Amino acid sequence: MPVRILIIEDHVDNLELMSYLLKAFGYETLAAGDGLEGLQLAEREQPALIICDIQLPGIDGYEVAKRLKHDAQLRQIPLVGITALAMVGDRDRVLQAGFDGYIPKPIDPESFVQQLDPYLLKTPGAPSHDAPMTSEPASHDAPPPREPMAPLG
Ligand code: MN
């Protein structure tokens, strides 16, 4: 069974880029366009990892993190923030909100999936792109780079 990753992101271009990159590395993705939908999907699908934008319609990423981390079961799912915020102190705010880490926007297609590795180490069956797979010697090269994206809120 493929490892499933939930992406909560309101910008379609960004969502599609992340989903595309993850699928290229063998992950299955679930997508939510706002925080409440993301919480519902997390509860129903119990993904191996949650990637969450900070600025979202309705409840923002900070509130999503707070609610996830107040749930005995959902709090165990690694939660990675995606943020264009660059101000000093935002890193602390993101981590204090309950995120286990964050990845800055714009998404770097060359390194995005590798940046998630530390959060997937404990997941059985997570695809490894460091070592060749024994059952499927297909290329694990990164997908072709796209045009760099402008930072999106
Ligand atoms: Mn956003």
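These figures come from a predicted structure and were not determined experimentally. Whatever order the structure lists them in is the order used to number ligands and atoms, beginning at 1.
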* To do: Kindly confirm or rule out a cation-pi arrangement of Arg91 over Tyr102, judged by NZ or CZ under 6.0 Å from the six-membered ring centre and within 45° of its axis?
  => no
* **Pairing of Glu9 and Lys105 as salt bridge, 4.0 angstrom limit** => yes
* Can you tell me if Arg4 uses its side chain to pair, donor with acceptor, with the backbone of Tyr27 under 3.5 Å? -> no
* Residue Asp53 atom name (nearest to the Mn ion (ligand 1); N/O/S) -> OD2
* To do: State whether Arg75 and Asp100 are salt-bridged, where the test is any N-O pair (Lys NZ or Arg NE/NH1/NH2 against Asp/Glu carboxylate O) under 4.0 Å.
  => no
* What is the name of the N/O/S atom in Asp10 that sits closest to the Mn ion (ligand 1)? -> OD1
* Do any of the N/O/S atoms of Asn14, backbone or side chain, fall under 2.8 Å from the Mn ion (ligand 1)? -> no
